[in-house]
Amino acid sequence: MTIPSPAAGGAPYPDETAPARTYQVRTFGCQMNVHDSERMSGMLEAAGYVRSEGELADVVVFNTCAVRENADNKLYGNLGILRPVKEANPGMQIAVGGCLAQKDRETILKKAPWVDAVFGTHNVGALPALLDRARHNDEAQLEILESLDVFPSTLPTKRDSVYSGWVSISVGCNNTCTFCIVPALRGKEKDRRPGDILAEIQALVDDGAIEVTLLGQNVNSYGVEFGDRQAFSKLLRACGEIPGLERVRFTSPHPAAFTDDVIDAMAETPNVMPQLHMPLQSGSDKVLREMKRSYRSTKFLGILDKVREKIPHAAISTDIIVGFPGETEEDFQATLDVVEKSRFATAFTFQYSKRPGTPAAELPDQLPKAVVQERFERLTALQDRIAAEENARQLGRRVEVMVTAQSGRKAGETHRLSGRAQDQRLVHFSVPAGAETPRPGDLVTVTITEAAAFHLVADPATADDYSLRRSRAGDAWDRSQADSCGAPAAGGAGSGSGGTSGVSLGMPSLPVRAR
C-alpha cells in the first residue's frame, strides 16, 4: 500500500504502517544471470522487501539476456503486458537489469518510459537505491557502469535452492569470439581469490547444501588474473576437502584452455561429478577460425577422449551454433561428423542470429533463414538419436539421484518424483509401496528401467530395489518449508526457497532441450 506525496503530481511513497513491499525477479539467460538474480533478491530482502507469492508484486525486476535471438522482443513484450497493470496499481515499480540493459541503456526508457530503473551488469548492488530514488524523485533512474563497483559475491543473496547453490569464481571474459557480446557487456575477466570462493562454499554447506556449481564465463581460465595456470584444478581439489560437500559441478569451460590437470582433478576428486559441459560451437575448422575459437575439431575430440579415458561414465554436453555467416554445406557436414563422434548426452543447439555489436554481425555471406532452419532440424534430429542411444545404455544401471523440488510434467499421472543422477541426467522415479518418500535434497539409489532421449525412468519393483539416504540437505528443505509457513509438504513438488521466479534459461542448469 502507498499514500500520495503531498507535492502536486508527486510520486507515492511507502506508508510505514503498511505491509512490506513485495517483489518478483524474472530471469532470462544463462546461469550467471540466474545467480545474479539471487543477488538481486537478496538485496531486496535486505532492504525490507518480501517475495511475492502471487502474480502481482509492488516491484518487478527483469534480469535480461542479450545473447539469445529476440531477447529484446521478449523484454519489450513483457514490459508491454505490465504497462496496464502498473497504471492500475499506483506505486508499482518496474526495473530492468542484466546484459540487455547494459547494451541498450537509454533505449529501454525511450521504448518503455513506464520503467522506473535501468541498471547494468556491473552495478547489480545499486538496485534498491535506484528504486528508492525513482520513487522519491518521481522519475526513472538510469545507472550503467563500465566496470565492476563491487564483486557480486559480496552482496546479500537469496538462494534459489537450499540443497544446491551457484558459486561465481570469476566474472567477465578475455576471449574475443566473433558471435559473442558477453565480453562487451560483462567486461574483462575478474577472478575471485580461492579463499573467498571456498569460504562461500563452506557457508553454503553449513546451511545444508550438498551440491555446488562453480560459475564463470570461462571457468578453466580461472587464475589468469593472479598468474596461476593451474588455479582451477587446485580449486576443484580443494572442494574435495570440504566435509559434507557431495557434488561439485562447473560451467562453462573453453576447449582452448582445457588442460590435463583439470581432467586429472575431475577424475581424482570424488565429489567432482562425472559430467562436463564442453561447448563445440562448430565442427568446421574454417568456421571455428571465423568465430575466433582458438581450437580445432581434432583438439576438441582429443579432450573428450582424455576425459572418457579417465572418467568412463562421464556425460558430456555441448553448445552448437548452426548457420554462422559463410557456413557451407561442407562446413555443416563437418559439424554433423563431430557430433556423431562425440556422442553427446545432450546438446544445446542454436540458430545463428545477428547480435548488434558483435563482429560476426558485419561478416558477409549471412545465410538465409530457410537454410539455417533446415540445417538446424537435421542437427537436432541427429542429436536426438544419439541422446536416445546414449540414454539406452543406462538401462539396468544403478544410479544415485539427488531429489529436486521440481517434478516432471506428467508427475500427476505417474506419481513419480524427479532428480539428477551424478552425471546430471534427469531421472523420474517412483517410490515403491511401503517405502519412505524422500524430500528434495535427499538421495535415492535406483535402477534405470526406461530410457528416452531427454530423461530416464526408474520404477523399482519392490522396496528392495529402492534405497533412500536422508541428507542434511533434506533437513534444510524441511526447515525452509517450516519457515515459509504453508509450503508444499516434504516429498512433494513445489518451488525452492529462493526469491527468483519465471526463470528462462539460455544456458543449461538442467540439461534437457525443451520439446
Side-chain angles (χ1 to χ4, degrees), residues 25 27 30-46 51 124-125 150-171 191-216 219 222 231-232 234-251 265-266 269-273 275 400 402-406 419-420 422 424 439-443 469-484 495-500 503 509-510:
V25 179
T27 310
C30 63
Q31 296 99 322
M32 194 68 75
N33 273 22
V34 175
H35 192 33
D36 283 348
S37 290
E38 292 182 333
R39 306 292 183 197
M40 295 173 195
S41 297
M43 288 182 299
L44 289 171
E45 297 207 0
R51 184 179 64 151
V124 171
V150 176
F151 202 96
S153 295
T154 64
L155 301 171
T157 304
K158 178 70 172 179
R159 297 283 180 177
D160 242 4
S161 166
V162 296
Y163 46 83
S164 180
W166 310 101
V167 176
S168 291
I169 68 172
S170 63
V171 295
D191 294 333
R192 295 176 70 192
R193 290 290 167 176
D196 294 338
I197 296 168
L198 295 171
E200 183 178 351
I201 295 172
Q202 184 65 63
L204 278 170
V205 172
D206 291 345
D207 285 342
I210 60 173
E211 177 183 75
V212 298
T213 301
L214 306 177
L215 283 181
V219 289
Y222 172 72
F232 185 60
K234 293 175 183 176
L235 182 63
L236 290 177
R237 293 182 186 277
C239 288
E241 301 297 320
I242 298 177
L245 179 60
E246 299 199 26
R247 295 186 172 195
V248 178
R249 307 185 190 278
F250 58 88
T251 194
M266 292 176 64
T269 310
N271 64 357
V272 176
M273 293 294 95
Q275 175 243 335
E400 184 184 67
M402 188 175 80
V403 184
T404 59
Q406 297 78 29
R420 294 278 162 179
Q422 290 183 325
Q424 192 68 341
R439 307 159 297 179
D442 284 339
L443 298 118
R469 178 160 62 90
R470 291 171 65 87
S471 71
R472 296 166 42 259
D475 296 340
W477 171 265
D478 277 346
R479 291 193 300 271
S480 73
Q481 298 308 287
D483 290 344
S484 65
S495 63
S497 64
T500 60
V503 177
S509 65
L510 303 181

Using only atom types and a distance under 3.5 Å, with no angle test, would you say the side chain of N271 pairs donor to acceptor with the backbone of C239?
yes

Evaluate S164 against V212 for side chain to side chain contact (heavy atoms under 4.5 Å, CB included), listing each step before the verdict.
CA-CA 6 Å; S164 180; V212 298; over 6 Å; no

Sequence-distant partners of R193, side-chain hydrogen bond (donor to acceptor under 3.5 Å, both in side chains), two or more places apart:
none

Could you check whether R469 pairs with D442 (Lys NZ or Arg NE/NH1/NH2 to Asp/Glu carboxylate O, under 4.0 Å)?
no

Does the side chain to side chain contact (heavy atoms under 4.5 Å, CB included) test come out yes or no for I242 and Q202, once each step is laid out?
CA-CA 7 Å; I242 298 177; Q202 184 65 63; 3.6 Å; yes

Can you confirm whether [X] sits close enough to [Y] that some side-chain heavy atom of one is under 4.5 Å from a side-chain heavy atom of the other?
X	Y	answer
P440	T404	no
T213	F250	no
W166	L214	no
V124	M43	yes
L235	L198	yes
D207	V162	no
I197	V167	yes

At their closest point, which heavy atom of [X] faces which heavy atom of [Y], and how far apart are they?
X	Y	result
G165	L204	CA-CD1, 4.4 Å
T269	G240	CG2-CA, 3.5 Å
Y222	R192	OH-O, 2.6 Å
L443	S471	CD1-CB, 4.1 Å
I210	G441	CD1-O, 3.6 Å
W477	A405	CH2-CB, 3.7 Å

For E211 and R249, what are the C-alpha separation, side-chain angles and deciding distance, and is it a salt bridge (Lys or Arg N to Asp or Glu O under 4.0 Å)?
CA-CA 8 Å; E211 177 183 75; R249 307 185 190 278; 3.0 Å; yes

Could you walk me through whether R439 and D478 pass side chain to side chain contact (heavy atoms under 4.5 Å, CB included), step by step?
CA-CA 8 Å; R439 307 159 297 179; D478 277 346; 2.8 Å; yes

If you measure from OG on S168 to CG on D191, what distance do you get to the nearest 0.5 Å?
11.5 Å

Under 3.5 Å, is there a donor-acceptor pair linking the side chains of Q422 and R247?
no

